[in-house]
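Working notes for the structure below.
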Amino acid sequence: MGADRELNLLQAIRAALTDAMDDSDRVVVLGQDVGRLGGVFRVTEGLDDRFPGRVFDTPLAEAAIVGASVGLAIGGLVPVAEVQFLGFLHQAFHQVTQQLARYRFRSRGRFHLPVTIRAPYGGGLRMPEFHADSLEAQLANTPGLKVFAPAFPDDGYALLRAAIRDPDPVVFLEPQRLYRSVRGPVRFDTFAEAGLGARLRREGDDLLLVSWGPTVHTCLAAADELQDLHGVRSAVLDLRVLSPIDRDGLCEAAASRKRVVVVHEGVRTAGLGAEIVATLQELLPGTISLPILRVTAPDSPYPPGRLEDAFLPSSDKVVEAALQAVSRP
Amino acid sequence: MGADRELNLLQAIRAALTDAMDDSDRVVVLGQDVGRLGGVFRVTEGLDDRFPGRVFDTPLAEAAIVGASVGLAIGGLVPVAEVQFLGFLHQAFHQVTQQLARYRFRSRGRFHLPVTIRAPYGGGLRMPEFHADSLEAQLANTPGLKVFAPAFPDDGYALLRAAIRDPDPVVFLEPQRLYRSVRGPVRFDTFAEAGLGARLRREGDDLLLVSWGPTVHTCLAAADELQDLHGVRSAVLDLRVLSPIDRDGLCEAAASRKRVVVVHEGVRTAGLGAEIVATLQELLPGTISLPILRVTAPDSPYPPGRLEDAFLPSSDKVVEAALQAVSRP
Amino acid sequence: MTDDWARDWAGDPNGHPLQCLAPDGQLVRPDLPRPADDVVRAALRLMLLSRALDQRCTTLQRQGRIGLYAPVLGQEAAVVGSHLAIDPAVDWLVPASREQPAMLRHGWPLDRLLASLLGRTEAARIPDDVKMLPRQQSIATQLPHAVGIAWASSIRGLGGVTLAYCGDGATSEGDFHEACNLAGVMRVPLVLVIINNQYAISTPVSKQTRAGRLADRARGYGFPGVAVDGNDLLAVYEVTRQAVLRARAGQGPTMIEAVTYRVGFHNTSDNPSLYRDPAEVLEATAHDPVARLSAYALQAGLVNQDALDAHEIEVRAEIDAALERALSYPAPGPDEIFRHVFGD
Amino acid sequence: MTDDWARDWAGDPNGHPLQCLAPDGQLVRPDLPRPADDVVRAALRLMLLSRALDQRCTTLQRQGRIGLYAPVLGQEAAVVGSHLAIDPAVDWLVPASREQPAMLRHGWPLDRLLASLLGRTEAARIPDDVKMLPRQQSIATQLPHAVGIAWASSIRGLGGVTLAYCGDGATSEGDFHEACNLAGVMRVPLVLVIINNQYAISTPVSKQTRAGRLADRARGYGFPGVAVDGNDLLAVYEVTRQAVLRARAGQGPTMIEAVTYRVGFHNTSDNPSLYRDPAEVLEATAHDPVARLSAYALQAGLVNQDALDAHEIEVRAEIDAALERALSYPAPGPDEIFRHVFGD
Ligand SMILES: Cc1ncc(C[n+]2csc(CCOP(=O)(O)OP(=O)(O)O)c2C)c(N)n1
Ligand SMILES: Cc1ncc(C[n+]2csc(CCOP(=O)(O)OP(=O)(O)O)c2C)c(N)n1
Ligand SMILES: [Mg+2]
Ligand SMILES: [Mg+2]
């Protein structure tokens with residue numbers, strides 16, 4: 001809490017955990033190596049010392065981590081569980097889709113689950129297989145689940161505090177390559193004002209780039225290049241909450257600019273970009289210039305080592321798509 | 001094998017299993033209750049007697065069923081595994097997305113997995129929770145996996161034979177409410193001619209209804225009503241193969257008709273319908289009349305009992321969307 | 001060693017299921033504590049109610065008035081005997097799906113239970129003060145939930161115990177393993193009762209596992225496991241009572257394998273004659289848990305035949321009345337599918 | 001009873017890990033069969049190669065020339081001793097991820113292994129005639145694969161055995177359980193070696209499970225489990241040899257817990273000083289498996305110091321040459337991401 005400070009994304013997330021645990025002793029943290037080690041990225045570093053008996057190293061068992069979180073919530077606690085990498089959420093996918101997401105509905109409101117599942121994800125760090133997968137589309141295809149993805153430290157704090165306060169389950173996606181590479185101001189006392197709507201991270205009248213998480217920064221880099229080299233003024237919309245999507249904010253930002261490019265690290269087919277395209281053509285027929293292009297990972301498994309550079313959406317690919325979009329009459 | 005015959009969907013699927021096992025003794029069947037009982041729907045009835053030592057009742061463990069199938073294939077067999085209901089594939093989702101779908105890519109072709117996973121799915125039978133979920137979008141979002149969905153007995157045979165012959169893994173989605181309710185001619189010797197492309201199940205120049213699996217029949221009913229009560233001639237495209245999507249077949253069918261409605265039982269957000277919309281506006285910009293409407297399940301968990309009637313896309317809802325589409329100038 | 005605790009106490013180093021009553025109702029373990037008289041009476045009444053409920057619901061399903069129904073026929077002692085050992089006021093019940101008598105005793109009113117079978121979803125809602133999870137249709141997924149609830153009560157120092165049920169088939173799922181291991185590591189106050197009714201749909205336990213006794217699994221999680229004759233209410237009650245005492249004393253989880261038999265069909269859509277020998281079923285009925293406890297209670301003079309006959313009539317009347325109330329509850333309107341997805 | 005078979009044979013009813021060599025290399029179980037002399041020599045050479053490879057790869061990673069690397073330092077006897085008991089010509093190897101010496105002996109050429117670390121993906125492809133799966137980065141998921149491969153060989157009557165590895169942490173995953181249970185039910189020719197190196201990243205085995213011995217889990221799957229001193233090559237070799245004999249004879253799976261210690265970091269991005277006491281590591285190095293086997297071999301006159309010194313130099317040269325070849329292989333072009341998604 002306290003005055004605004006400059007933090008990197010990892011520090012902002014840690015601050016959110018610390019403040020949430022200070023606010024309510026119902027909040028507990030669990031996951032693999034989250035205790036003494038502070039997690040493989042050190043996000044939870046220091047929490048074990050500061051909140052003895054409220055931070056738990058678990059066995060190596062993702063379904064138990066998510067499933068026990070369901071029970072901890074029913075038992076009156078507010079669990080914040082870490083899945084060491086988002087790819088491994090599939091080990092617990094039955095607990096996520098069948099249980100975590102449906103308990104309120106199944107019990108007709110008798111039970112609701114204030115559970116937050118934190119997971120690092122996304123490329124750029126030359127991680128081993130499964131450690132960089134982007135699964136947001138599959139999570140957005142799961143009713144009863146909310147999905148948040150910060151791109152900046154301000155949201156690392158604001159969205160995580162909101163997730164922990166949310167009476168319903170939230171999967172909180174942490175772009176691992178941004179943990180230490182992005183710094184920015186964080187508002188503590190007034191974080192709630194940030195709300196859950198999509199947010200323009202850059203102004204521009206010619207074009208709208210829509211993205212979330214790590215690729216928001218890819219879009220910002222592309223926007224600079226579009227401005228400097230091509231005189232194209234592109235706005236960048238940070239979706240922030242991937243499910244439920246802020247359709248009003250999306251349409252408002254798109255309607256005035258007409259040309260839209262969607263960018264994400266998840267694979268192309270049945271990715272969340274398709275939903276955004278479908279939503280825009282539904283809600284703004286005739287307004288948006290077509291096609292709405294998608295810059296995404298190809299329909300391939302996440303490749304090893306340096307090959308990820310060819311796999312991930314680059315700012316060059318975004319610029320190329322943007323120029324196509326503005327070149328249309 | 002042999003001459004064409006009239007069969008229901010369940011019989012056609014059983015015939016495909018029988019003929020595939022006759023053709024090659026490498027083909028084995030495994031799953032919960034698939035042996036003596038013949039599966040909870042009796043799809044595998046008689047196989048155990050006819051092919052002793054090649055049909056295996058497994059323990060109640062989906063990840064082991066899919067994971068062992070990976071190993072059986074590497075060990076030189078051609079496993080056809082049944083997951084009792086598609087919803088329970090999430091218990092094995094890590095084996096499906098991380099292992100089954102990626103082995104060829106990971107091993108640079110040293111290993112490939114001729115595995116077929118059969119699973120009943122879809123609504124209409126008042127099934128308990130999880131027994132009717134449509135997860136095709138999540139499977140289509142998984143590179144390295146193929147997804148087939150028959151809507152008629154001819155495809156129950158042709159697509160399953162193709163799946164079992166496929167050198168790569170296929171998830172074969174069986175619309176449970178059609179098992180015994182749809183009958184039709186099945187071509188045995190010439191099944192391969194059916195290919196893997198999308199297929200028009202009804203002709204019509206005014207409008208294209210795109211669907212797969214159970215809702216193909218919802219679309220056909222709607223098309224009749226549109227014809228009879230409104231004089232609207234709508235074609236019905238049966239996608240058949242949900243991944244990889246037959247983009248050429250889709251565009252060809254859509255381009256000439258311009259007005260398109262997509263129908264599926266999966267929930268709306270990030271459903272496969274969004275991909276079809278995104279694909280069409282990408283490949284046929286300016287050609288298709290907008291918006292391309294989606295008639296889908298709402299973003300809610302699958303409801304119990306009679307409530308599924310309100311949850312599922314009905315032919316009334318399809319007719320309504322179709323009339324909107326044709327009413328546009 | 002905790003594992004030995006269980007074995008010694010069960011009095012059988014070879015791990016044969018503990019038995020207190022012979023099939024004819026004779027007391028074979030007078031050395032062990034016996035339930036109080038009114039516990040036995042309550043057990044008998046609840047078992048008779050359960051049996052009548054199975055009958056009625058099967059009829060209702062055949063009449064097309066309710067959907068699938070899964071009877072607990074033949075397993076009544078395993079379910080009732082274990083549940084009688086906990087206190088619904090402070091302890092949690094985590095059912096699998098067919099433990100109707102446990103749900104009723106825990107406080108889910110009979111008319112609400114019937115409402116759930118009639119699809120009256122809102123009326124079927126579990127009352128706020130009833131510490132019980134709804135039925136679980138995804139096998140074994142309730143076990144990590146049970147561990148979490150028990151864990152929460154130890155973190156919060158509430159002192160309640162969690163009683164969870166699963167079937168023999170459920171023990172093959174990854175969730176069973178992950179839940180048991182976590183329960184052991186965190187030493188949570190959990191009593192896990194495996195209802196080994198010999199079948200998972202058509203799959204006999206011999207195809208489910210090569211383990212001699214499912215209770216042997218407990219050793220691999222560092223807590224005791226006990227096998228008990230699941231058709232012997234006294235044995236089930238006493239074993240569970242001991243396990244509950246351990247849990248309350250902070251000594252952690254216990255795994256109980258109640259060895260019984262699924263006399264009926266898996267559910268109303270199942271036809272067991274396709275996969276099992278009628279002779280096997282006949283043999284099993286010779287071990288009927290209700291007959292066994294009745295014989296014991298009559299011999300011990302805890303009830304007389306008139307009281308038992310009266311019970312039979314009472315429970316039917318109880319079901320009639322509850323069904324009438326259940327039918328009076330409103331059926332859900334189509335908008336129900338949009339409610340309770342998220343809180344507002 | 002199969003479980004007793006293992007205990008009797010291991011000669012320790014209390015399930016203490018079987019030991020043949022004391023830490024100083026003295027033979028303490030002369031009653032048990034010993035490996036042939038050249039098996040011991042081969043083991044020593046492979047362990048020295050493994051150690052040199054760990055050193056070299058750590059250096060390469062520090063120089064930024066390769067990505068993450070996970071050393072097998074301190075666990076060499078557990079890996080080499082078990083792998084020496086199978087025949088790569090007919091048996092399958094299913095590694096977890098850090099069993100480099102097993103992969104090499106199974107037939108994955110050293111330059112190919114190095115190529116995989118250098119990201120030369122095509123060159124790193126496992127040769128068609130090598131019966132080995134690639135490294136697995138998703139913990140425990142390889143175990144159902146191993147069961148499937150072993151199951152296929154029994155269905156097809158091929159007679160090969162499958163040797164699978166996993167860590168102590170992996171034993172908490174649902175896949176471990178589902179795989180073991182299926183292996184027991186189908187009685188597949190599988191030897192599962194759990195490398196219990198006391199840690200899963202920072203998590204000590206004491207937080208991983210409350211089980212006294214991981215090998216105890218086998219009883220719950222109906223097949224034998226044996227705990228063995230994983231720093232004792234003779235013990236590991238003999239236990240695995242017995243397990244392989246059982247598997248070949250159609251007697252089904254065996255679970256072996258090799259109790260050892262992860263002397264190094266989890267991988268090159270890990271800093272163990274954050275979570276474990278250096279004294280503990282120091283204590284562990286007193287049990288060094290290479291020193292133990294060397295002492296035994298010297299005392300037994302199987303090698304002399306000169307030969308050992310020569311090995312040290314040879315293996316370094318071998319690595320140099322292999323690294324040179326590995327570097328000569330083409331780096332993958334961007335189009336590689338589109339290849340091998342599906343067959344054509
Ligand atoms: C995860 C999952 N897989 C499969 C099923 C289908 N199914 C429903 S009940 C059942 C058998 C359960 O057997 P058991 O655990 O012994 O419980 P019982 O029915 O005998 O009480 C199966 C396979 C399911 N409901 N959930
Ligand atoms: C399913 C899954 N969850 C988490 C991880 C992250 N992770 C990588 S190695 C490791 C620890 C493995 O410990 P153990 O099984 O003992 O093997 P060891 O590293 O000691 O050889 C973890 C948690 C993973 N790779 N896969
Ligand atoms: Mg059962
Ligand atoms: Mg380890």
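Here the structure is a predicted model, which is why all the values come from computation and not from measurement. Letters go in sequence order (proteins before strands), and every chain restarts at 1.
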Heavy atoms from other residues, nucleotides or ligands near CD of D/Gln61 exceed 12 (cutoff 6.0 Å):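 Enclosed.
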Look at [options] and state which one has the largest set of heavy-atom pairs under 4.5 Å with chain B.
| options | result |
| --- | --- |
| D/Gly160, D/Ala183, D/Pro127 | D/Pro127 |
| D/Leu143, D/Thr121, D/Asn181 | D/Thr121 |
| D/Lys131, D/Gln136, D/Met186 | D/Gln136 |

Please classify the contact between [X] and chain D as side chain, backbone, both or neither, with a heavy-atom cut-off of under 4.5 Å.
| X | value |
| --- | --- |
| B/Gln91 | neither |
| B/Arg102 | neither |
| B/Ile65 | neither |

Under 3.5 Å, is there a donor on one side chain and an acceptor on the other for [X] and [Y]?
| X | Y | result |
| --- | --- | --- |
| B/Thr279 | B/Glu275 | yes |
| B/Arg104 | D/His340 | no |
| D/His83 | D/Glu99 | no |
| D/Arg246 | D/Thr254 | yes |

With a 4.5 Å cut-off on heavy-atom pairs, point out which of [options] contacts chain D the most.
| options | result |
| --- | --- |
| B/Gly109, B/Pro167, B/Pro143 | B/Gly109 |
| B/Leu72, B/Val70, B/Val28, B/Thr58 | B/Leu72 |
| B/Gln99, B/His112, B/Gln98 | B/Gln99 |
| B/Gly75, B/Ser107, B/Gly67 | B/Gly67 |

Side chain D/Glu178, main chain D/Glu173, donor-acceptor under 3.5 Å: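 Here the side-chain-to-backbone pair does not exist.
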Can you say whether [X] sits under 4.5 Å from chain B via the side chain, the backbone, both, or neither, judging by heavy atoms?
| X | result |
| --- | --- |
| D/Asp128 | both |
| D/Val94 | neither |
| D/Val185 | side chain |
| D/Thr141 | both |
| D/Ile155 | side chain |

Side-chain ion pair, D/Glu336 and B/Arg108, N-O less than 4.0 Å: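 Answer for the salt bridge query: yes.
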D/Asp91/D/Arg248 ion pair, N-O < 4.0 Å: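 D/Arg248 and D/Asp91: salt-bridged.
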Where D/Thr268 and D/Gly67 come nearest, the two heavy atoms and their spacing: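 That would be OG1-O, 4.2 Å.
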Any side-chain heavy-atom pair of D/Leu133 and B/Phe111 under 4.5 Å: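 Yes; the side chains approach each other to less than 4.5 Å.
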